*Asks:* 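One structure is given below, represented as structure tokens, and several questions about it will come after.
Computed from a prediction, not measured in an experiment: that's the story for all the values here.
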Amino acid sequence: MSVENTPIWQALQARATQRVQGLNLAHALRDAQRFERLSLQAPHVLLDCSKSLWDETVLSKLLQLAEVTGLAQRRDALYGGAVVNTTEQRPALHVRLRAPFAPSARQSEAGSVAEDACHAGVRAMLRLAQAIRAQRRFTDVVHIGIGGSGLGPELVLQALQPWCEGGPRVHVVSNMDGHDLHQALQGLQPEQTLFIVASKSWSTAETQRNMASAKAWLCRVPGLQWADHCVAVSSREDLARQSGLTQTLHIPQGIGGRFSIWSAVGLPVALAVGPQVFERLLTGAAEMDAHFAQAPLARNAAVWLGLLDVWYASFLQMPGRCVAPYHHGLRRLPAYLQQLEMESNGKQVRADGTPVGYSTTGMVWGEPGTNGQHAFFQWLHQGTQCIPVEFIAARKAEHGLPEHQEALLANALAQAQALMQGSKAEPEQLAGHQDFPGNRPSTFMLLDALTPESLGALLALHEHRVFVAGTVWGINSFDQWGVELGKTLAKDLRARMACGDLAGLDASTAGLMAYCRSEAEEV
């Protein structure tokens with residue numbers, strides 16, 4: 001039976017209809033105990049879901065839905081290294097990769113080849129990072145990757161900036177647009193520059209193009225050898241070596257790009273902050289892994305968030321979620337979560353290939369606070385669509401400017417409060433224009449401080465959230481076939497761009513290509 005045909009799914013649909021007619025958050029939060037009942041403490045993260053558009057009855061029914069869809073069993077399969085990516089016949093090994101860094105880590109029972117490869121790869125990366133930092137040969141590192149290989153290092157480098165001491169400066173290049181690489185190379189000295197090229201398949205078009213141009217830039221200097229200035233990070237180390245590289249690090253096939261920051265892809269981070277700090281990042285993630293594995297589903301942060309995503313998307317038909325990190329170090333978190341969630345769960349078929357009969361994950365977007373308040377918060381408060389907002393903040397800051405931190409936290413709390421309670425215009429105000437409808441939902445994640453451990457826990461929490469929602473929806477969260485068609489067509493159009501062959505193209509593509517070629521010919 002498809003999940004949407006189960007009695008519990010239909011009960012939730014009925015409850016959703018009642019919610020549209022009923023639940024008022026401002027009224028519900030007059031209950032002083034609602035916060036206690038709908039918030040919980042996970043490793044390094046306090047999660048408050050008391051301003052979400054649900055109640056304990058909805059949560060209870062969603063937990064029943066999780067049971068019906070086999071969440072606990074599928075979670076155990078993930079942790080056990082079973083094949084959970086069925087379309088590619090692979091396990092998803094990011095959790096097992098972090099296991100040795102858990103505070104209570106034990107020796108692996110099985111010592112499987114997959115697990116050994118995970119651990120060997122990250123250990124080799126940490127040793128290489130230590131050696132390069134000790135040599136002090138390179139003042140700058142240019143990391144070339146895209147997708148998770150670019151977004152992950154970029155986010156973590158920004159978040160852990162206070163720990164970036166004693167290592168080289170790191171520049172992340174991902175875009176095929178040459179402006180990205182050109183700007184990164186400005187002012188760098190080839191003799192003192194190391195390149196990291198991260199490509200799991202060693203065939204990613206953007207990464208290969210940027211690598212070729214970087215190599216040409218370096219080799220303009222007589223005597224410099226590309227192999228001495230480049231480290232390849234790939235699951236196809238054989239192809240990297242065939243291209244002349246001798247320094248290679250391995251990514252196991254079971255580590256997806258959007259889950260790869262914990263692997264050898266983290267080399268630029270380990271170079272910037274040092275291996276010990278990188279291990280703290282892994283430790284924080286491993287602590288959240290333990291919470292997801294051991295906490296009862298009814299008091300499990302990842303389970304709550306994943307089920308809330310299902311409730312909003314499939315039952316309340318909400319088209320997306322706004323992510324508002326109130327910490328400058330997390331300014332790339334919305335983009336990171338876009339890939340993690342939309343590439344994982346942006347699917348219209350179940351794992352068996354049959355169409356889903358419900359909405360799956362919506363659009364994830366956002367900007368850091370307080371910048372977003374002066375951009376799109378007008379729409380969140382008074383627009384015609386109701387969009388859940390996710391606030392993420394830290395109680396403590398590293399900058400030593402307490403007045404800034406107090407004002408920042410006050411703004412984050414006030415925005416969540418304002419979305420919930422709304423406001424009616426006073427007689428002397430403009431009716432309608434200064435009315436706020438309220439009853440707009442939000443969640444709040446509060447860290448004690450942004451540290452390597454709390455960052456690791458936060459990112460792992462979102463990974464598990466995606467897995468929970470994907471399991472309930474019955475989809476494969478670990479493949480991404482939707483990105484392939486555009487890549488295939490781009491190869492064809494690139495060849496046509498050179499020769500001008502427009503035969504067989506649709507009118508729009510042919511017209512645009514002809515226009516692009518005419519500009520190139522004029523130049």
*Asks:* Could you point out which residue of Leu447, Leu450, Leu333 forms a side chain to side chain contact (heavy atoms under 4.5 Å, CB included) with Leu455?
*Replies:* Leu450
*Asks:* Check whether Gln208 reaches the backbone of Trp202 with its side chain - one donor and one acceptor, N or O, closer than 3.5 Å.
*Replies:* yes
*Asks:* Indicate the atoms forming the closest heavy-atom contact of Ala394 with Ala449, along with that distance.
*Replies:* CB-CA, 4.0 Å
*Asks:* Tell me yes or no: between the side chains of Arg258 and Gln339, is some donor less than 3.5 Å from an acceptor?
*Replies:* no
*Asks:* Say whether, by atom type as modelled, one donor and one acceptor occur between the side chain of Ser359 and the main chain of Ser314 under 3.5 angstrom.
*Replies:* no
*Asks:* Within the supplied structure, the quantity of interest is the number of heavy atoms (other residues, nucleotides, ligands) at a distance under 6.0 Å from Gln348 CD; does it exceed 12?
*Replies:* no
*Asks:* Could you check whether any side-chain N or O of Thr69 sits under 3.5 Å from a backbone N or O of Ala66, counting only pairs where one atom can act as donor and the other as acceptor?
*Replies:* yes
*Asks:* Report the distance from atom OG1 of Thr248 to atom CZ of Arg236, rounding to the nearest 0.5 Å.
*Replies:* 12.5 Å
*Asks:* Between the main-chain N or O of Ala120 and the side-chain N or O of Arg123, is there a donor-acceptor pair closer than 3.5 Å?
*Replies:* no
*Asks:* Can you tell if the side chain of Tyr79 reaches within under 4.5 Å of the side chain of Asp289, non-hydrogen atoms only?
*Replies:* yes
*Asks:* Taking Ser263 for its side chain and Ser260 for its backbone only, find out whether a donor-acceptor pair lies under 3.5 Å.
*Replies:* yes
*Asks:* Please report the interatomic distance CG(Leu181) to CD1(Ile144), rounded to the nearest 0.5 Å.
*Replies:* 6.0 Å
*Asks:* What is the minimum heavy-atom distance between Ala129 and Ala270, and which atoms define it?
*Replies:* CB-CB, 3.7 Å
*Asks:* Taking Arg321 for its side chain and Val364 for its backbone only, find out whether a donor-acceptor pair lies under 3.5 Å.
*Replies:* no
*Asks:* Counting heavy atoms not belonging to His399, are there more than 12 under 6.0 Å from its NE2?
*Replies:* yes
*Asks:* Give the ring-plane orientation class for His464 versus Phe292, where under 30° counts as parallel, over 60° as perpendicular and anything between as tilted.
*Replies:* parallel
*Asks:* Is there a donor-acceptor contact under 3.5 Å linking the side chains of Glu287 and His291?
*Replies:* no
*Asks:* Are Val221 and His229 packed together at the side-chain level, in the sense that at least one heavy-atom pair is separated by less than 4.5 angstrom?
*Replies:* no
*Asks:* If you define the side chain from C-beta out and look only at heavy atoms, does anything of Asn85 sit under 4.5 Å from Asn476?
*Replies:* yes
*Asks:* Rounded to the nearest 0.5 Å, what separation is found between the CD1 atom of Ile392 and the CZ atom of Phe444?
*Replies:* 9.5 Å
*Asks:* Contact between Leu71 and Val472 at the side-chain level, heavy atoms closer than 4.5 Å - yes or no?
*Replies:* no
*Asks:* Might you confirm whether atom CZ of Arg137 has over 12 heavy atoms from other residues, nucleotides or ligands at distances under 6.0 Å?
*Replies:* yes
*Asks:* Within this structure, what is the CG-CG distance for the pair Leu505 and Leu489, rounded to the nearest 0.5 Å?
*Replies:* 10.0 Å
*Asks:* For side-chain contact (heavy atoms from CB on, under 4.5 Å), just list the numbers for Val122 and Leu282, CA-CA rounded to whole Å, side-chain angles, deciding distance to a tenth of an Å, and then say yes or no.
*Replies:* CA-CA 10 Å; Val122 73; Leu282 293 166; 4.2 Å; yes
*Asks:* Okay, side chain of Glu390, backbone of Thr443: is any donor-acceptor separation there less than 3.5 Å?
*Replies:* no
*Asks:* Test Leu308 against Arg465 for side-chain contact (heavy atoms from CB on, under 4.5 Å), laying out the working first.
*Replies:* CA-CA 9 Å; Leu308 187 60; Arg465 161 197 208 151; 5.7 Å; no
*Asks:* May I ask you to test the Trp217-Leu188 pair for a side-chain heavy-atom distance under 4.5 Å?
*Replies:* yes
*Asks:* Measure the CG-CZ distance between Leu157 and Arg169 for me, rounded to the nearest 0.5 Å.
*Replies:* 14.0 Å
*Asks:* When you measure from the side chain of Ser234 to the backbone of Lys200, do you find a donor-acceptor pair of N or O atoms at a distance under 3.5 Å?
*Replies:* yes
*Asks:* So which of Val466, Thr360, Asp309 actually passes side chain to side chain contact (heavy atoms under 4.5 Å, CB included) with Asn345?
*Replies:* Val466
*Asks:* Do you know the tightest heavy-atom contact between Cys322 and Gly366?
*Replies:* SG-CA, 4.3 Å
*Asks:* Are a donor atom and an acceptor atom from the side chains of Arg280 and Thr451 found within less than 3.5 Å of each other?
*Replies:* no
*Asks:* Would the distance check show the side chain of Arg350 and the main-chain N or O of Trp473 forming a donor-acceptor pair, the cut-off being under 3.5 Å?
*Replies:* no
*Asks:* Begin from the C-alpha positions of Leu330 and Leu458 and carry the test side-chain contact (heavy atoms from CB on, under 4.5 Å) through to its verdict.
*Replies:* CA-CA 11 Å; Leu330 297 176; Leu458 181 68; 4.2 Å; yes
*Asks:* Applying side-chain contact (heavy atoms from CB on, under 4.5 Å), run through Trp481 and Val349 and close with a yes or a no.
*Replies:* CA-CA 11 Å; Trp481 297 106; Val349 296; over 6 Å; no
*Asks:* Taking all heavy atoms of Ala302 and all of Val468, pick out the closest pair and write down the distance.
*Replies:* O-CG2, 3.8 Å
*Asks:* Does any part of the side chain of Gln186, heavy atoms only, come nearer than 4.5 Å to the side chain of His182, both counted from C-beta?
*Replies:* yes
*Asks:* Could you report the tightest heavy-atom contact between Thr204 and Ser199, atom names first, then the distance?
*Replies:* OG1-OG, 3.2 Å
*Asks:* How long is the span from the NE2 atom in His462 to the CG atom in Leu340, to the nearest 0.5 Å?
*Replies:* 8.0 Å
*Asks:* Is there side-chain contact between Cys219 and Leu224, with at least one heavy-atom pair below 4.5 Å?
*Replies:* no
*Asks:* Within the distance-only criterion (no hydrogens, no angle test), does the side chain of His143 pair as donor or acceptor with the backbone N or O of Ser174 below 3.5 angstrom?
*Replies:* no
*Asks:* Under a 4.5 Å cut-off applied to non-hydrogen side-chain atoms, are Leu155 and Leu459 in contact?
*Replies:* yes
*Asks:* Quickly, which of Lys215, Arg209, Met211 forms a side chain to side chain contact (heavy atoms under 4.5 Å, CB included) with Ser213? Name it, please.
*Replies:* Arg209
*Asks:* Minimum heavy-atom separation for Pro100 to Leu97, with atom names?
*Replies:* CD-O, 3.3 Å
*Asks:* Do we see a donor-acceptor contact under 3.5 Å between the side chains of Glu237 and His250?
*Replies:* yes
*Asks:* Give me the ring orientation class for Phe259 and His94: parallel if the planes are under 30° apart, tilted from 30 to 60°, perpendicular past 60°.
*Replies:* parallel
